[in-house]
There are 2 protein chains.
Amino acid sequence: MKSLDASTRDTILTLASAVFYQKGFSGARMQEIADLAGINKAMLHYYFKSKEQLFDMVFQQALGQFLGGIAQVLSGTAPLQTKIEQYVAYTTTALMETPALAAFIMHELQQHPERLSAQFSDRRIIDLTNFRQQLAATKPQYQEPNAAEHFFANMVSLCVYPVLAQPLLSPLMHKNEAKYRAFLRERTSHITQLLLRQL
Amino acid sequence: MKSLDASTRDTILTLASAVFYQKGFSGARMQEIADLAGINKAMLHYYFKSKEQLFDMVFQQALGQFLGGIAQVLSGTAPLQTKIEQYVAYTTTALMETPALAAFIMHELQQHPERLSAQFSDRRIIDLTNFRQQLAATKPQYQEPNAAEHFFANMVSLCVYPVLAQPLLSPLMHKNEAKYRAFLRERTSHITQLLLRQL
DNA sequence: CTTTGAATTAACCAACTGGTTAATTCATGA
DNA sequence: TCATGAATTAACCAGTTGGTTAATTCAAAG
């Protein structure tokens with residue numbers, strides 16, 4: 001039983017995301033997506049003219065979600081502390097819901113870095129100047145070249161990587177999935193404190 | 001012109017690594033690997049009976065390289081400071097030589113986490129106890145549950161992610177490849193200081 | 001020179017995969 | 001009720017891909 005025509009596209013998009021996230025573009029099969037959506041391949045091509053187009057929509061949406069948190073930190077007017085706290089909390093929570101998202105984006109971006117440009121041309125949100133100013137205002141040492149960039153890279157790394165590398169770190173720490181998830185939740189405050197201590 | 005039969009296998013393995021690293025298992029093509037090696041597909045299957053077998057060798061080797069640095073930190077007898085300094089320097093350097101390695105491992109591990117087990121059954125090197133003891137000896141607060149794990153996760157994240165996410169962070173920081181590489185090199189000391197400050 | 005086993009090649013194949021087509025059903029507004 | 005366009009299906013297709021086979025070349029040992 002299908003949902004209303006208008007929302008069918010969205011349903012497909014959601015199911016397709018799951019497949020693409022886990023298997024990547026080349027590993028994903030149109031047949032599998034169609035099966036998941038309970039339609040046949042022809043219907044899939046009726047809603048999305050090609051695998052590439054379907055993938056592009058999934059990828060751009062995923063990238064938007066991923067960059068959303070960053071944009072807020074880089075351009076918002078809130079105090080630096082607040083922005084950092086919000087980013088750490090939001091990113092951890094969001095990524096934990098779709099653990100394969102980060103690995104998917106990195107893997108696809110590795111092969112086709114140009115796919116990023118679509119997100120950069122439009123939105124001007126992606127700019128470090130505002131962030132650097134706020135940092136420098138808090139502590140003068142952040143005026144030095146690359147100091148703000150290092151802080152930013154630290155923040156993102158500390159949040160994203162442990163989620164992305166769960167299949168590696170979880171066995172390494174002898175934690176089952178539940179325990180590792182608890183560990184990740186615990187990290188939110190750990191990371192926040194570590195970062196704020198640098199200000 | 002081919003190299004000596006014995007080393008041909010290694011040549012293929014190296015070339016295949018490059019392809020697998022960039023395109024993953026499902027994106028890689030036996031034909032492309034054969035072309036790179038200057039042989040035809042039949043020869044490729046002569047040396048490696050299947051794509052899966054060739055991939056397994058590549059993957060296990062990649063994983064070994066990736067875990068090599070970690071093992072040293074976790075089990076060596078050197079002082080903690082030295083081990084940290086060595087890990088940061090080694091990891092950054094090693095990953096920068098094959099930037100696609102980390103994304104490759106994460107992506108494949110996401111789909112087949114069981115591929116990790118091969119590395120874990122044999123070597124007992126992968127154990128945090130030694131590391132935790134050294135940490136606790138330096139600062140008692142690291143006796144608390146998960147404290148050592150957080151430190152470890154921080155260390156790995158700070159080193160690996162900025163290399164892995166180069167296609168994302170490089171444009172975001174308005175750095176070309178050369179400048180971003182310089183930034184990564186600069187991070188070696190930045191990360192080391194940050195970590196040692198936590199002791 | 002000949003034997004023998006490894007190295008190499010060209011041709012081939014079956015399965016898979018993205019995509020198409022033409023015909024059919026369904027819903028709805030006139 | 002009928003006309004119209006969207007939704008859906010089954011069958012099909014051409015290109016790709018991993019893998020095989022049988023025949024051939026090559027190199028070294030006897």
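Here the structure is a predicted model, which is why all the values come from computation and not from measurement. First the proteins, then the strands, lettered A, B, ... as listed; each starts at 1.
- For the salt bridge (Lys or Arg N to Asp or Glu O under 4.0 Å) test, residues two or more places apart in sequence or in another chain that qualify with A:Glu149 are A:Arg132.
- Remark: A:Glu186 pairs with no residue by the salt bridge (Lys or Arg N to Asp or Glu O under 4.0 Å) rule, at least two apart or across chains.
- Here the nucleotide nearest the side chain of A:Tyr47, chosen from D:dT8, C:dT20, C:dA7, is D:dT8.
- Taking atom CZ on B:Phe20 and atom C1' on D:dG18, their separation rounds to 11 Å, with Å as the unit.
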- Query: Does the pair A:Arg29 and A:Asp35 meet the rule for a salt bridge (charged side-chain N to carboxylate O under 4.0 Å, His left out), with working shown?
  - Reply: CA-CA 10 Å; A:Arg29 296 285 167 258; A:Asp35 289 348; over 6 Å; no
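- Of the two residues contacting DNA chain C, namely A:Ser26 and A:Ala42, the nearest-nucleotide position lying further toward the 5' end is that of A:Ser26.
- In the displayed structure, B:Glu177 atom CD is contacted under 6.0 Å by at most 12 heavy atoms of other residues, nucleotides or ligands.
- Residue B:Ile39 contributes atom CD1, which lies 17 Å from atom P of C:dA6 at whole-angstrom precision.
- Atom pair A:Phe48:CZ and C:dG19:P shows a separation of 13 Å (rounding to whole Å applied).
- Within the 6.0 Å centre-distance limit, the rings of A:Tyr180 and A:Phe183 are counted as a close aromatic pair.
- Taking atom CE on B:Met43 and atom P on D:dT21, their separation rounds to 16 Å, with Å as the unit.
- With rounding to whole Å, A:Glu52 atom CD is found 12 Å from C:dG18 atom P.
- What separates CZ of B:Arg9 from C1' of C:dA7 is a distance of 14 Å, to the nearest Å.
- Using modelled atom types, one side-chain atom of A:Gln134 and one backbone atom of A:Ala78 make a donor-acceptor pair closer than 3.5 Å.
- OP1 and OP2 of D:dT20 both lie 4.0 Å or more from every side-chain N or O belonging to B:Tyr46.
- The side chain of B:His45 approaches D:dT20 more closely than any other nucleotide in the set C:dG18, D:dT9, D:dT20.
- Here A:Leu172 contributes atom CG and B:Asp127 contributes atom CG; the two are 9.0 Å apart, rounded to the nearest 0.5 Å.
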All N/O pairs under 3.5 Å across the protein-nucleotides 13-17 of chain D interface:
residue : atom : partner : partner atom : Å
D:dT17  : OP1  : B:Arg29 : NE           : 2.5
D:dT17  : O5'  : B:Arg29 : NE           : 3.4

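- For A:Asn40 and D:dA11, the CG to P distance is 11 Å, given to the nearest whole Å.
- Computed from coordinates, the B:Leu44 CG to C:dT9 P distance equals 12 Å when rounded to whole Å.
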